[in-house]
There are 2 protein chains.
Amino acid sequence: MKPVSPSDEPVPGDDVPFPRPHHDHDHCRHDALRRAEDVCARQGARLTQARREVLDLLWADHRPVSAYDLLHRLNADGRKAAPPVVYRALDFLIEHGLAHRLNSLNAFIGCAHIGGEHGAQFFICRECGQVAETRSPEIDSAIRTAGAELGFRVQAPVVEVEGVCPTCSGAPA
Amino acid sequence: MKPVSPSDEPVPGDDVPFPRPHHDHDHCRHDALRRAEDVCARQGARLTQARREVLDLLWADHRPVSAYDLLHRLNADGRKAAPPVVYRALDFLIEHGLAHRLNSLNAFIGCAHIGGEHGAQFFICRECGQVAETRSPEIDSAIRTAGAELGFRVQAPVVEVEGVCPTCSGAPA
DNA sequence: GTAATAAATGTTATGTTATAACAATTGATA
DNA sequence: TATCAATTGTTATAACATAACATTTATTAC
């Protein structure tokens with residue numbers, strides 16, 4: 001596992017490894033926001049207040065968040081936002097490749113890569129709940145090959161792997 | 001894609017390909033039931049009426065079914081079974097490797113293989129809704145390798161691939 | 001064979017996740 | 001500035017899942 005200094009930029013093809021306990025998370029958050037602004041500018045989409053807030057909440061840490069948790073966090077300031085507010089923001093972020101839904105958890109997480117809608121894989125730690133997102137051409141290719149053998153046209157591969165992250169393996173709870 | 005005659009027995013390592021339109025589905029159902037009886041006998045588990053019925057409903061065809069659909073089908077005869085009846089049967093079937101949950105659909109499907117809890121992959125046709133279950137060592141191994149590179153201990157890989165099956169590709173709806 | 005125990009089922013209630021439908025507002029465009 | 005499209009607000013409800021406890025059915029020990 002190669003270390004990543006805070007100033008490194010995750011790019012497609014790279015793995016974004018498990019966050020180390022004391023990494024510069026402000027950097028992650030600001031970086032995510034900047035990426036979102038870039039993407040929206042390029043695609044002529046509007047990163048409105050609600051969308052920006054939800055994205056920022058997703059980046060509170062490297063753990064997936066349920067839609068209703070997001071709602072509660074939004075409403076922590078006294079607002080009375082209703083579920084569609086959150087679900088619409090999430091739909092937008094997912095459509096623009098800025099967030100992902102983790103089916104196995106019914107929860108959402110900010111996208112750690114730029115570009116590429118498909119072909120991501122998620123490694124989910126059962127101990128600490130943190131998630132690492134990778135883009136492994138090997139996994140993607142193995143899936144496409146297996147699909148081809150079935151005569152199946154692959155459109156959206158979903159890979160979610162539960163297990164234990166290196167930090168929790170080294171120092172079990 | 002190699003053809004499979006109705007009398008072939010799916011075994012781990014084999015792919016169970018997309019069901020052809022006019023295959024001998026009674027064979028699939030009876031086979032699944034027999035496998036279930038075997039597994040339960042070997043594990044000292046009881047394949048009770050409710051569990052057997054749910055399993056049989058799962059094998060109505062090769063499409064995943066939601067828990068509430070199962071419930072409605074159970075209750076089609078006038079019963080007033082409640083959700084826990086279905087969820088408990090599903091839990092049992094999943095624990096014993098006789099059924100799977102498809103996270104991306106919130107739905108359940110009978111297990112098309114024998115043995116092996118983990119390492120299955122599901123190819124889900126967006127056109128007809130049918131699902132093929134495979135056990136590809138290549139996919140599994142690519143996932144484990146990627147995990148190892150992250151220092152991640154893989155426990156339960158989940159692979160669900162959306163796309164279009166050969167039948168629907170050949171004769172689009 | 002019967003009592004004691006464990007496993008499974010029945011039932012009610014409730015918790016969690018997600019979307020439909022429509023009104024009101026805001027931003028972009030002509 | 002009128003028009004249209006996009007976004008947001010709001011209410012209601014649909015869809016998915018489980019907690020908790022009573023009852024019944026199987027198994028086991030005696």
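Just so we're on the same page: letters track the sequence lines, and every chain starts at 1.
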In whole angstrom, what separates [X]'s [atom1] from [N]'s [atom2]?
X	N	atom1	atom2	answer
Leu90(A)	dT8(D)	CG	C1'	15 Å
Leu70(A)	dT16(C)	CG	C1'	14 Å
Leu105(A)	dC16(D)	CG	P	18 Å
His96(A)	dA6(D)	NE2	P	12 Å
Asn106(B)	dA14(D)	CG	P	18 Å
Phe92(B)	dA7(C)	CZ	P	13 Å
Arg51(B)	dA7(C)	CZ	P	11 Å
Leu47(A)	dT26(C)	CG	P	19 Å

- Message: So that I can tick it off, tell me whether Glu53(A) and Arg73(A) are bridged by a salt bridge, with the cut-off set at under 4.0 angstrom between side-chain N and carboxylate O.
- Response: no
- Item | Sorted by number, the residues of residues 71-84 of chain A with heavy-atom contact under 4.0 Å to DNA chain D | Ala82(A), Pro84(A)
Side chains of [X] and [Y], heavy atoms from C-beta outward: is any pair under 4.5 Å?
X	Y	result
Glu95(B)	Gln43(B)	no
Phe92(B)	Cys40(B)	yes
Ile124(A)	Gln130(A)	no
Val159(B)	Ile143(A)	yes
Cys111(A)	Glu133(A)	yes

- Item | dT8(D) phosphate, OP1 or OP2, under 4.0 Å from Thr48(A) side-chain N/O | yes
- Note on the structure: Which of dT7(D), dA18(C), dA8(C) is nearest the side chain of Tyr68(A)? It is dA18(C)
- Which one, dC16(D), dG9(D), dT9(C), comes nearest to the side chain of Arg88(A)? dG9(D)
- Query: Between Ala50(B) and Tyr87(A), which has a closest nucleotide on DNA chain C that is more 5'?
  - Reply: Ala50(B)
- Query: Counting any heavy atom closer than 4.0 Å, what does Arg46(B) reach on the DNA or RNA strands: base, sugar-phosphate only, or nothing?
  - Reply: sugar-phosphate
- Task: Consider only side-chain N and O atoms of Ser136(B) and Gln121(B), and report whether a donor and an acceptor are under 3.5 Å apart.
- Result: no
